[in-house]
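Computed from a prediction, not measured in an experiment: that's the story for all the values here. Reckoned from all heavy atoms, side chains included, excluding hydrogens, waters and symmetry mates. Residue numbers run from 1 in the order of the sequence given.
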Amino acid sequence: MREQDENSSQPNLIVRSVAKVAVSVHAKLLFAFLGITLLLLGLALFAMAALQQSNDRLDAMIHDQEKIAYFNEIHLSLSEMNLMNLSLVIDQKPGDISNAIFSETAAAIIGQIDNLQYHIGQGIRRYVESDSVEGRLISVIRSDLKRVKTKVSTMIRFRQQGEIQDAADLGLNEIFREIRSIQNDAYNLVLTAEQEMRDRASSSAEAYQSTRKTVVAAAVAAMGIAVLLGYAISSSVIWPMRYIGQTLSAVAEGNFKVRVTVPNRDELGELANNVNSTSERLGDLYEKVEAQRAKLEVEHARSEKLLYNLLPEEI
């Protein structure tokens, strides 16, 4: 029995595999639609996650900039404090006016130390972790500021007692050096924070490039899978329909020996079986009709012969 396979190319392995799935055509098309939709949804979620990571890195860099500004404010406050301390050291003249200026400036230093302590305390919760290197250094700075505040109070007492030189020596030899040491610690905090921000910026740039490549690769993969899925599902429907159509055309031309063989286990597979059954029945009927026609021709020839024997040729 000759099959229609001779007149139609066979589908590839993927199409045959999809065609063999024992579900309806409606379910296959629905699965293809849902599959492509899920792929697009997954790609969108992946892109959103990548954007969220990029946003998190940007927030971290903004936080680094704020922390650098916080450390710079500490450093600038210490610089102003040291300038005021130097003005106290330079002003060694006795007198009521000089004493008043000295007391006012010293009180300003103490007030600035208190404000700086408050500012540091406010920023610790936002910018510094207590168990980090920065946290330990901030603790040292706060402790040193308390010590400076005590020494400024001692310098005021010396001045009030008329010990101007002792006050000047204390301000120059101890307070000035103490504040300079604290300034160096604050400057190191600034340098450390700036380096962290540069490192984060570099890693963010690398992460951006990597994320962009990953998103592009994911998009290409999703499009490829979607195209492959759509091709496999549609081909598993279109190819059998075309194959069945060719078989029906051959049957219509009188070739009842053709058969269609498809791997489908759905409505198309059932249709192919019905086409084969119909073609076989038509072939049997055609053979019977041909046999009867042959017998009729024989009987007709015999009747003609008898008729010629009984009657003259003119009649």
Look up atom [atom1] in [X] and atom [atom2] in [Y], then write down how far apart they are to the nearest 0.5 Å.
| X | Y | atom1 | atom2 | value |
| --- | --- | --- | --- | --- |
| Asp169 | Phe158 | CG | CZ | 9.5 Å |
| Ile109 | Ile156 | CD1 | CD1 | 8.0 Å |
| Arg159 | Gln161 | CZ | CD | 13.0 Å |
| Ile244 | Leu271 | CD1 | CG | 4.0 Å |
| Phe176 | Leu86 | CZ | CG | 5.0 Å |
| Leu78 | Gln112 | CG | CD | 8.0 Å |

Output yes when [X] and [Y] qualify as a salt bridge under the 4.0 Å nitrogen-oxygen rule, no when they do not.
| X | Y | answer |
| --- | --- | --- |
| Glu297 | Arg293 | yes |
| Glu163 | Arg157 | no |
| Asp114 | Lys149 | yes |
| Asp144 | Arg147 | yes |

Looking at every heavy atom in both [X] and [Y], which two are closest together, and how far apart are they?
| X | Y | result |
| --- | --- | --- |
| Lys67 | Tyr127 | CD-O, 3.2 Å |
| His75 | Gln183 | CD2-O, 3.4 Å |
| Leu170 | Met155 | CD2-N, 3.6 Å |
| Ala106 | Val152 | O-CG1, 3.9 Å |
| Tyr208 | Arg57 | N-NH2, 4.2 Å |
| Tyr70 | Ile120 | OH-O, 2.8 Å |

Answer yes or no: are there more than 12 heavy-atom neighbours, outside [X] itself, under 6.0 Å from its atom [atom1]?
| X | atom1 | value |
| --- | --- | --- |
| Arg281 | CZ | no |
| Glu104 | CD | no |
| Glu129 | CD | no |

Inset, instruction - Start with the C-alpha gap between Ile238 and Arg242, add the side-chain angles, then the distance that decides, and say whether side-chain contact (heavy atoms from CB on, under 4.5 Å) holds. - result: CA-CA 6 Å; Ile238 295 174; Arg242 184 182 296 116; 3.5 Å; yes
Inset, instruction - Please step through side-chain hydrogen bond (donor to acceptor under 3.5 Å, both in side chains) for the pair Gln209 and Arg212, ending with a clear verdict. - result: CA-CA 5 Å; Gln209 295 295 333; Arg212 186 178 67 174; 2.9 Å; yes
[X] side chain to [Y] main-chain N or O, any donor-acceptor pair under 3.5 Å?
| X | Y | answer |
| --- | --- | --- |
| Gln117 | Arg142 | yes |
| Asn85 | Met81 | no |
| His63 | Leu58 | no |
| Asn72 | Ile68 | yes |
| Ser203 | Arg200 | yes |
| Ser181 | Arg177 | no |
| Asn188 | Asn184 | yes |
| Ser77 | Glu73 | yes |

Examine [X] and [Y] and state if one hydrophobic cluster contains both, with Ile, Leu, Val, Met, Phe, Trp and Tyr joined whenever side-chain heavy atoms are less than 4.5 Å apart.
| X | Y | answer |
| --- | --- | --- |
| Leu145 | Val190 | yes |
| Val215 | Leu51 | no |
| Met197 | Ile138 | yes |
| Leu43 | Leu39 | no |
| Val128 | Tyr187 | no |

Do [X] and [Y] pair up side chain to side chain, a donor and an acceptor below 3.5 Å, judged on atom types alone?
| X | Y | answer |
| --- | --- | --- |
| Glu280 | Asn276 | no |
| Thr192 | Glu134 | no |
| Asp199 | Gln195 | yes |

Inset, instruction - Verify side-chain hydrogen bond (donor to acceptor under 3.5 Å, both in side chains) between Glu270 and Asn274, making sure each step is shown before the conclusion. - result: CA-CA 6 Å; Glu270 183 178 354; Asn274 292 336; 4.6 Å; no
Inset, instruction - Report yes if some heavy atom in the side chain of Gln52 is under 4.5 Å from a heavy atom in the side chain of Asn55; otherwise report no. - result: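 Sidechains of Asn55 and Gln52: in contact.
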Inset, instruction - Could you check if a side-chain atom of Ile179 sits within less than 4.5 angstrom of a side-chain atom of Ile175, using non-hydrogen atoms only? - result: yes
Legend entry - Stepwise side-chain hydrogen bond (donor to acceptor under 3.5 Å, both in side chains) test for Gln53 and Thr211: CA-CA 9 Å; Gln53 291 178 357; Thr211 301; 4.5 Å; no
Inset, instruction - Verify side-chain contact (heavy atoms from CB on, under 4.5 Å) between Ile74 and Phe71, making sure each step is shown before the conclusion. - result: CA-CA 5 Å; Ile74 296 175; Phe71 291 150; 4.3 Å; yes
Inset, instruction - Any chance you could lay out the side-chain hydrogen bond (donor to acceptor under 3.5 Å, both in side chains) test for Arg259 and Ser279, step after step, and finish with the verdict? - result: CA-CA 8 Å; Arg259 298 291 182 268; Ser279 177; 3.1 Å; yes
